[in-house]
Structure formats: C-alpha cells, structure tokens
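Notes follow the structure.
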Amino acid sequence: MTITESDDAAAKRARQRNDWDLAAPGWRRGQEARDPADRTVNEVTAQLLALAGIRSGQRVLDLACGVGEPAFVIAEHVGPTGAVLGLDLSTTMVEGVQALAGARGIPNAEFRRIESELELGVPDGGFDAATCRFGLMFTPDPDRALATLRRALKPGGRIAVSTWGPPEQVRFLALATEIVGRHVALPPFDPTAPGLSALPTPAALRRVFAAAGFADVEVVGVTVPFLAESPAAFWDAQEEGCGPILGMLAASPPAARRAIREDAIRTVGAMFPGGGVRLESEALVAGGVNPG
C-alpha cells in the first residue's frame, strides 16, 4: 500500500534522517565500546520490555532501532525460538547495527532501512509485540506511525514506546541548546514539530495511542541520568551522538563550532567543578494493547 502525505511531512522526515545519519557513527562507537558480556539493562529498556510483554518465542518489531538498543536485549529475551526485526530511516544506523549484530553473533536479529515509518514492509498481524525507543516523537505524524505499528501486530499484541519529557526536564538537551543558542540563531521552539519534546506528557501519549486504536494504555515515568567524566566529555557526547544538536551544528562554520565547544566546557565546568557531570532527565514509557 502506498501512503500519501504532504511535502512538508516528507521534508521533516528527510531532516530527521540527515540528523541521525550524522549521529550514527558516534552511536556505533558507543556500542562497540560496551562489553558484550555486560548484561546490564537500563531502566528505559527494562520498562519497554515490561510494557511490551516481551517473552521467549515472540516475534518483535523494533522501530527506530538505531544501533541495537533495545533490539539486542529483545533478541536475548525472545531466545532462539523468537526473532526481532529492527527498522530505521538512517542508512548509517542500519549499517552500524548490522555490523554489530554480525560481530556479536546475534542470529535472531535482522535489521532493515525503511523509507518511511508509514511503510514498514512487513505483513499485517505478523508480530507479537513492537517497541520504539525514543523515536516516535521524531515522526511527522505519530498517530499514523502508531496506527501503522498496530497493523503489524497480532490481535492482543502489545506495544511500548519511550519519549522524553518536557524540555525543561530534559536537562542535557536544554543545556546544550542554550549553549548553542548563544552563538547561532535557532528557530523558534515549535511544540507541534517533530523533535525530542514533541510528546512530553502522559496526556499527549495517551492521545496518540487512543487515536491509533490501542487499548489498556499505561504510562510510567523514568529518570534517566546522563553521566560524563568531564565537561569536555559531555560536549563530545553531544557533538557525536545527539541528532538535534548535530543538526544545529552542521550548518555552523568551524569558528562558531570551536566557540560553542569552548563555551560548553566553560559552562558545564562551572556547574560541576569536581569534573564529573551528572544531569538527570525525565522520560516516559507508554504501553498499550492491539484490541484486534
């Protein structure tokens, strides 16, 4: 089925693909640096698995799979009789996660690039569960994105997604955006536009879940710590892995980027004179059931 949409929606999706193509190398380096034997599961991923009801033998769809979080954890939970299919708009993300899955010997995980979150290329009713970790708020039309995921689920199948909370409570991004904004002109904040703060409240998530036809919706809050060993490491992480920040920086000349970096290290250093950086942000995890 071919999906029709406005040129504006297509342009918004293209900007998101560009931002996350830029971020993918940093994400891949982060995954490569992690010990494959480390079975630690962060709280957001743990809540996604719980609300999606992930269990052995299931077939799971993971939209906005990035470089494997939570797909690799899901693959372990569903075991050899189950499977996970990860989908992402970013070619670079998919190339990275495919390489990581191969290097780690994860046979029950497959990854594909898609042109649109509205055309997943999967059969209707083919999955027991679906997840989307910090991806839904970047879609031009989250109602339709969720409805598309619902079609991929069996009757009674569960979905879980995570989003960030209000801008002022996503401290790492609020701080980074403030610093960048001191040096370059940023577009006015639009709460209706795709971005980290597009679905920041339980009410907003309940609305889009209801619009997509999901039932038994549950939303839980999670505090997410952002840790860095130094102010410089904090800014390195923003420059390497935060798609929205990379998108802002991409059009800036080298001199402006150097000035932004110096400002960031100075500002964050004043906040954390001991060197180590800890910024806590609020996330939401929402789950629902496809009533059939």
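Summarising the geometry, atom CE belonging to Met248 is positioned 4.0 Å from atom OG1 belonging to Thr177; distances are rounded to the nearest 0.5 Å. Within the model, atoms CE of Met93 and CG of Asp88 stand 6.0 Å from one another, a figure rounded to the nearest 0.5 Å. Taken to the nearest 0.5 Å, the CZ atom of Phe209 stands 9.5 Å off from the CG atom of Leu199. Summarising the geometry, atom CG belonging to Leu85 is positioned 11.5 Å from atom CG belonging to Asn108; distances are rounded to the nearest 0.5 Å. The SG atom of Cys65 sits 9.5 Å away from atom CG of Leu89, with the distance rounded to the nearest 0.5 Å. The CG atom of Leu136 lies 4.5 Å from the CG atom of Leu146; values are rounded to the nearest 0.5 Å.
Within the 4.5 Å cutoff, the side chain of Val97 has heavy atoms near those of the Phe72 side chain. Within the 4.5 Å cutoff, the side chain of Ile159 has heavy atoms near those of the Phe214 side chain. Side-chain contact between Leu63 and Glu117: present, with at least one pair of heavy atoms (C-beta onward) separated by less than 4.5 Å. Between Val224 and Asn42 there is no side-chain heavy-atom pair separated by less than 4.5 Å. Counting only heavy atoms from C-beta outward, the side chains of Ser162 and Gln47 never approach each other to under 4.5 Å.
Checked against ring-ring contact (aromatic ring centres under 6.0 Å, His included), Phe138 has the following partners two or more places apart in sequence or in another chain: Trp20. The side-chain contact (heavy atoms from CB on, under 4.5 Å) check on Ile265 picks up Pro231, Ala232, Arg261, with sequence neighbours excluded. Every residue two or more places apart in sequence or in another chain that forms a side-chain contact (heavy atoms from CB on, under 4.5 Å) with Arg15 is listed here: Ala11, Lys12. With sequence neighbours left out, Arg113 forms a side-chain hydrogen bond (donor to acceptor under 3.5 Å, both in side chains) with Thr91, Glu115. By the side-chain contact (heavy atoms from CB on, under 4.5 Å) test, Arg206 pairs with Val217, Val219, sequence neighbours left out. Qualifying side-chain hydrogen bond (donor to acceptor under 3.5 Å, both in side chains) partners for Asp216, counting only residues two or more places apart in sequence or in other chains: none.
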Walk me through whether Gln31 and Trp27 qualify under side chain to side chain contact (heavy atoms under 4.5 Å, CB included).
CA-CA 6 Å; Gln31 273 280 29; Trp27 280 36; over 6 Å; no

Check step by step if side chain to side chain contact (heavy atoms under 4.5 Å, CB included) holds for Val161 and Leu205.
CA-CA 9 Å; Val161 309; Leu205 283 166; 4.3 Å; yes

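The nearest pair of heavy atoms linking Val94 to Arg112 is CG2-O, 3.6 Å. Across every non-hydrogen atom of Leu22 and Pro25, the tightest pair is O-CD, 3.4 Å. When all heavy atoms of Asn290 and Lys154 are compared, the pair lying nearest together is ND2-O, 3.1 Å. Residues Gly165 and Ser197 share a closest heavy-atom pair of O-OG, 4.2 Å. Contact between Gly241 and Leu246 at its shortest, heavy atoms only, is N-CD1, 4.2 Å. The minimum heavy-atom distance between Ala212 and Arg150, with the atom names listed, is O-CD, 3.2 Å.
In this structure, Glu95 does not pair ionically with Arg28, as no charged nitrogen and carboxylate oxygen lie closer than 4.0 Å.
Sequence neighbours left out, the pairs with a member in residues 172-183 that pass salt bridge (charged side-chain N to carboxylate O under 4.0 Å, His left out) are Glu178-Arg182, Arg182-Asp263. Residue pairs that meet the ring-ring contact (aromatic ring centres under 6.0 Å, His included) test with at least one member in residues 243-292, sequence neighbours left out, do not exist here. Sorted by first and then second residue, the side chain to side chain donor-acceptor pair (under 3.5 Å) pairs with a member in residues 240-260 form an empty list; sequence neighbours excluded. Note on residues 49-66: pairs passing side chain to side chain donor-acceptor pair (under 3.5 Å), not counting sequence neighbours, are Asp62-Thr131. Residue pairs meeting the ring-ring contact (aromatic ring centres under 6.0 Å, His included) criterion with at least one member in residues 156-179, sequence neighbours excluded: Phe134-Trp164, Trp164-Phe172, Phe172-Phe226. Counting only residues at least two apart or on different chains, the side chain to side chain donor-acceptor pair (under 3.5 Å) pairs with a member in residues 269-283 are Thr223-Glu282, Arg278-Glu280.
Linking Ile, Leu, Val, Met, Phe, Trp and Tyr residues whenever their side-chain heavy atoms come within less than 4.5 Å leaves Leu49 and Val289 in two separate clusters. Connection of Leu279 to Ile245 is established within a shared hydrophobic cluster, with ILVMFWY side chains joined at heavy-atom distances below 4.5 Å, either directly or through further cluster members. The same ILVMFWY cluster, assembled from side-chain heavy atoms under 4.5 Å apart, contains both Met271 and Ile179. Leu118 and Met137 fall into different hydrophobic clusters, where Ile, Leu, Val, Met, Phe, Trp and Tyr are joined by side-chain heavy atoms under 4.5 Å apart, directly or via other members. In the hydrophobic clustering of this structure, Leu186 groups with Val170; members are Ile, Leu, Val, Met, Phe, Trp, Tyr whose side-chain heavy atoms approach within less than 4.5 Å, directly or through other members.
Enclosure of atom CD in Glu229 is not indicated, since only 12 or fewer non-hydrogen atoms of other residues, nucleotides or ligands lie within 6.0 angstrom.
Thr45 and Glu69 share a donor-acceptor pair across their side chains, judged by distance under 3.5 Å alone.
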